[in-house]
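First up is the structure itself, then whatever we jot down about it.
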Amino acid sequence: MENRFDMEFIGISENESLARAITSAFAAMLDPTVEELSELKTAVSEAVTNAIVHAYPYEPGTVGLSGKINGNTVYITVTDSGIGISDIDKAREPLYTGKPEEERSGLGFSIMESFCDRIEVMSALGEGTMVTLVKSFGSLKGES
Amino acid sequence: MSISKTEKNTLLVEITGELDHHTATKIRTKIDNAISKDYKNIIFDFSALTFMDSSGIGMIMGRYKKILKYDGKMTIVSPKPQVKRILEISGLMNIVTLETSINKALKRM
Ligand SMILES: Nc1ncnc2c1ncn2[C@@H]1O[C@H](COP(=O)(O)OP(=O)(O)OP(=O)(O)O)[C@@H](O)[C@H]1O
Ligand SMILES: [Mg+2]
């Protein structure tokens with residue numbers, strides 16, 4: 001099937017559960033297993049939480065959430081217009097956190113990577129960050 | 001969530017629903033207010049916890065560091081599969097024990 005959605009919300013922590021609920025309802029159209037759906041939901045939670053806690057250090061900014069379904073594959077993109085990531089490779093390393101004083105474990109990107117087929121990260125300092133999660137459901141793995 | 005003080009210097013912390021950055025922030029403060037040298041052990045009852053992400057790991061790790069100062073112990077009871085997977089990825093299973101009931105967890109304290 002083919003489908004799309006595109007939305008924005010204010011980057012306040014209340015909206016973390018909103019983003020998970022929307023993503024779940026959208027991906028549920030592909031009839032995933034409970035495990036597949038909970039993996040995607042967890043990965044989205046990580047990306048959205050990062051946009052909320054890291055991108056906007058001074059006041060909440062806008063977070064974008066969009067989804068695309070193409071065949072058996074779902075693409076979820078989380079965007080912010082925040083501070084950006086200076087070294088993406090380093091940020092993606094397991095256990096790396098820019099905020100050790102805030103009880104962060106540095107596992108967000110590792111969880112996104114292990115719960116999705118692949119992730120794409122684009123970022124520019126002072127402009128923002130875009131994270132796309134790609135996950136195919138069912139036995140017919142692979143993008144169409 | 002609820003916190004109760006029980007036998008063996010133990011705080012029984014039941015977290016229901018979803019443990020993310022939003023809920024972890026509130027839960028953290030409540031637990032920290034209850035930790036003392038008389039209540040240095042923590043049992044987390046996760047039987048009704050339906051979701052957890054890395055913010056939950058940060059919250060658990062942070063509490064673990066606190067009770068370690070008093071030589072306290074931590075046990076997690078009945079995590080659902082999604083929660084268990086996050087616990088496994090985090091490496092927390094190496095320092096915290098898992099149990100299938102609160103009674104069994106209390107026996108360990
Ligand atoms: N949207 C973003 N904007 C700016 N910096 C980001 C963004 N996302 C991630 N980062 C940076 O990448 C680091 C690693 O992110 P990751 O999610 O892996 O760990 P964390 O958020 O620090 O900890 P955890 O996710 O375990 O709570 C962050 O600490 C932060 O410095
Ligand atoms: Mg994170």
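Keep in mind that this is a model prediction, so the values were computed, not measured. Labels below follow one simple rule: chain letters A, B, ... track the order of the sequence lines, proteins then strands, and each chain is numbered from 1. Quick note: numbers below take in every heavy atom, side chains included, and nothing from hydrogens, waters or symmetry partners.
- Using a cutoff of 4.0 Å between basic side-chain nitrogens and carboxylate oxygens, Arg20(A) and Glu46(A) are not scored as salt-bridged.
- No part of Val34(A) comes within reach of chain B, as not one of its non-hydrogen atoms sits under 4.5 angstrom from that chain.
- Among Lys41(A), Glu102(A), Glu35(A), Glu103(A), the residue with the largest count of heavy-atom pairs under 4.5 Å with chain B is Glu103(A).
- There is no contact between Ser110(A) and chain B, counting heavy-atom distances below 4.5 Å.
- Interface remark: Ile12(A) contributes no atoms to any contact with chain B (heavy atom separation under 4.5 Å).
- Of the two parts of Thr49(A), only the side chain, counted from C-beta on, holds a non-hydrogen atom closer than 4.5 Å to a non-hydrogen atom of chain B.
- With respect to chain A, the highest number of heavy-atom pairs below 4.5 Å among Ile86(B), Thr25(B), Asp20(B) belongs to Asp20(B).
- Lys90(A) has its side chain out of reach of Arg92(A): every pair of non-hydrogen atoms, C-beta onward, lies at least 4.5 Å apart.
- Using modelled atom types, no side-chain atom of Lys80(B) and backbone atom of Leu49(B) make a donor-acceptor pair closer than 3.5 Å.
- Ranking Ser45(A), Ser105(A), Gly108(A), Gly106(A) against chain B, the residue ahead of the rest is Ser45(A), based on heavy-atom pairs under 4.5 Å.
- Under 4.0 Å is where a charged nitrogen must lie from a carboxylate oxygen, and between Lys40(B) and Asp71(B) no such pair does.
- For the residue pair Glu16(A) and His21(B), a side-chain donor N or O sits within less than 3.5 Å of a side-chain acceptor on the partner.
- Using a 4.5 Å heavy-atom cutoff, the side chains of Met109(B) and Glu7(B) are not in contact.
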